[in-house]
Amino acid sequence: MVLCAVRQHLLRGSCGAWARLLQRQSRGCVYSSVHGFQQEEIREKLQAFPGGSIELLTQESGLAVLTINYPSRMNAFSGSMMVDLEERVSQLEGWTDGKGLIVQGASGTFCSGSDLNAVRALSNPQDGMKMCMFMQNTLTRLLRLPMISVALVEGRALGGGAELTTACDFRLMAPGSVIQFVHKHMGLVPGWGGAARLVRIVGSQNALKLLGGAVKVDPELALQIGLAEEVLQGEGTGTPLQRAENWLSVYTKGPAPVIQAVKKVVLSGRELPLSEALRTEKDVFGTVWGGPANMQALASKSKHR
Ligand SMILES: CC[C@H](C(=O)O)C(=O)SCCNC(=O)CCNC(=O)[C@H](O)C(C)(C)COP(=O)(O)OP(=O)(O)OC[C@H]1O[C@@H](n2cnc3c(N)ncnc32)[C@H](O)[C@@H]1OP(=O)(O)O
């Protein structure tokens, strides 16, 4: 059922009503009422812990910037910010012109995880599980957006903040920044899907070390183990956000349907068994074959020297 939902999600975006139907079906694609998950119930509980916001800025260029904004708590996630994030992801799912996404924290730091005040109030196992399912659904949908995503890590990404970085396709780190899965120190393991994604990014040996040792991962170590793609060096060459935009623009240059198709085939290769991935690739190929960008390239007899 889950694989079916993934495939439907991948095929999304082709046309109007059908795309919207598939989009609705793919919502909450990890957990639904079948798993005892009631989205409205947990949304209401989370809304009782307000503070901060998640800001979304979409640009005509097809690039969007999502900002985690609660500087007085080092951009920790309040309950209402978890709900905000889900809403912003819904907006991005419906953005047909989207090609790239940068996820950043406000005021020079990424995110210090869950707001400990909300965590204390929701510390019974039932509430913890509901919050965990809510955030897994949201971060899975974030990772599966048909656009190329980057976490721009400045300052610290701790606990749930470290997990959030793994829900992006790439991580770019500013000098002096740190990603740390502090869960062990909190008597926990990741619950927002961060462990499963981390294993896929750095391999199980490295993941075991990072989680088991609650290791402070600086940019150098992150590059070495493949957690980060690049360190954003270069004083005087713009803000870290501008540098991240430049980095991403290499991969988002071109028409939106083509960039979205690129993300979809890579996503299916990453998530689906080979036969399923091949069939999905064929379907996605069908959306660009003979399309405007393809016809234009053929007409211009482009060479690739
Ligand atoms: C572990 C699993 C769980 C999940 O996955 O859901 C989590 O994420 S639990 C949260 C894990 N994060 C933490 O435990 C962070 C704890 N905070 C710190 O270690 C420090 O505050 C730090 C390193 C983020 C920043 O240190 P610094 O000295 O630069 O600043 P302050 O400590 O003075 O922090 C400023 C202000 O922010 C508040 N703050 C920071 N993080 C959180 C948070 N996660 N929840 C709530 N509040 C947070 C801190 O208490 C300060 O507020 P103040 O009113 O001035 O005391």
Side-chain angles (χ1 to χ4, degrees), residues 30-31 37 42-43 45-54 67-86 89 103-143 151-168 171 173-199 201-202 207-219 222 227:
V30 181
Y31 303 106
F37 177 70
I42 181 65
R43 270 174 73 99
K45 260 188 199 286
L46 292 171
Q47 291 283 24
F49 301 96
S53 61
I54 305 289
T67 305
I68 307 146
N69 183 31
Y70 201 177
S72 62
R73 295 201 177 158
M74 307 297 281
N75 301 329
F77 261 91
S78 68
S80 63
M81 285 165 72
M82 294 181 194
V83 174
D84 265 13
L85 180 65
E86 193 274 332
V89 170
V103 179
Q104 65 166 6
S107 304
T109 194
F110 190 76
C111 169
S112 65
S114 305
D115 182 338
L116 291 167
N117 303 298
V119 167
R120 280 179 203 112
L122 294 169
S123 64
N124 69 76
Q126 292 82 3
D127 284 343
M129 295 291 277
K130 286 175 193 163
M131 189 260 279
C132 158
M133 288 193 274
F134 185 87
M135 287 303 285
Q136 277 196 18
N137 274 353
T138 302
L139 295 187
T140 302
R141 286 168 54 200
L142 175 65
L143 185 59
L152 164 56
V153 183
E154 295 179 88
R156 293 167 194 264
L158 302 183
E163 295 193 62
L164 173 59
T165 71
T166 64
C168 293
R171 283 142 296 282
M173 293 179 74
S177 62
V178 169
I179 298 176
Q180 187 180 13
F181 294 83
V182 296
H183 304 76
K184 190 182 84 165
H185 292 330
M186 306 291 293
L188 290 170
V189 293
W192 296 359
R197 291 187 298 268
L198 185 66
V199 167
I201 297 166
V202 299
L208 205 49
K209 288 183 194 163
L210 298 195
L211 298 182
V215 176
K216 279 188 183 168
V217 184
D218 61 20
L227 183 58

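The shown structure was predicted, so the numbers you read here are calculated from the model rather than taken from an experiment. In what follows, residues are counted from 1 in the order of the sequence shown. For ligands, and for the atoms within them, numbers begin at 1 and follow the listed sequence.
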Please report whether [atom] has a protein non-hydrogen atom at a separation of less than 4.0 Å.
atom: atom 32 (O) of ligand 1; answer: no
atom: atom 12 (N) of ligand 1; answer: yes
atom: atom 53 (P) of ligand 1; answer: no
atom: atom 24 (C) of ligand 1; answer: yes
atom: atom 21 (O) of ligand 1; answer: no

Minimum-distance protein heavy atom relative to [atom]:
atom: atom 9 (S) of ligand 1; result: L116 CD2, 3.8 Å
atom: atom 18 (C) of ligand 1; result: L158 CD1, 4.6 Å
atom: atom 26 (O) of ligand 1; result: M74 CE, 4.7 Å
atom: atom 38 (C) of ligand 1; result: R73 CA, 3.8 Å
atom: atom 2 (C) of ligand 1; result: H183 CD2, 3.4 Å
atom: atom 42 (C) of ligand 1; result: S112 OG, 3.4 Å
atom: atom 5 (O) of ligand 1; result: E163 OE2, 3.1 Å
atom: atom 3 (C) of ligand 1; result: S114 OG, 3.7 Å

Under the 3.5 angstrom rule, does the side chain of [X] hit a backbone N or O of [Y] as a donor-acceptor pair?
X: S78; Y: G51; answer: yes
X: S123; Y: R120; answer: yes
X: D115; Y: A76; answer: no
X: E154; Y: G108; answer: no
X: Q136; Y: G191; answer: yes

Give the atom numbers and elements of ligand 1 that come within less than 4.0 Å of a heavy atom of [X].
X: G159; result: 8 (O)
X: L188; result: 1 (C), 2 (C)
X: W192; result: 6 (O)
X: D115; result: 45 (N), 46 (C)
X: G113; result: 8 (O)

Are the aromatic rings of W192 and F134 close, with centres under 6.0 Å apart?
no

So for ligand 1, is R156 a polar contact partner (N or O within less than 3.5 Å, distance only)?
no

Give yes or no for whether the N/O distance cutoff of 3.5 Å, strictly under, is met between G160 and ligand 1.
yes

[X] [atom1] to [Y] [atom2] distance, which is reported to the nearest 0.5 Å:
X: M82; Y: M131; atom1: CE; atom2: CE; value: 4.5 Å
X: L46; Y: L122; atom1: CG; atom2: CG; value: 6.5 Å
X: I42; Y: C132; atom1: CD1; atom2: SG; value: 10.0 Å
X: E163; Y: F77; atom1: CD; atom2: CZ; value: 11.0 Å

side-chain contact (heavy atoms from CB on, under 4.5 Å) with P71: which residues, sequence neighbours excluded?
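P71: side-chain contact (heavy atoms from CB on, under 4.5 Å) contacts with N69, N75, A106, S107.
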
Can S72 be said to touch ligand 1, with heavy atoms closer than 4.0 Å?
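Within the 4.0 Å threshold, so yes.
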
Apply side chain to side chain donor-acceptor pair (under 3.5 Å) to residues Q104 and T67 and explain how you reach the verdict.
CA-CA 5 Å; Q104 65 166 6; T67 305; 3.0 Å; yes

Under the rule for side-chain hydrogen bond (donor to acceptor under 3.5 Å, both in side chains), what residues qualify as partners of T166, not counting sequence neighbours?
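For T166, the residues satisfying side-chain hydrogen bond (donor to acceptor under 3.5 Å, both in side chains) (neighbours in sequence not counted) are R197.
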
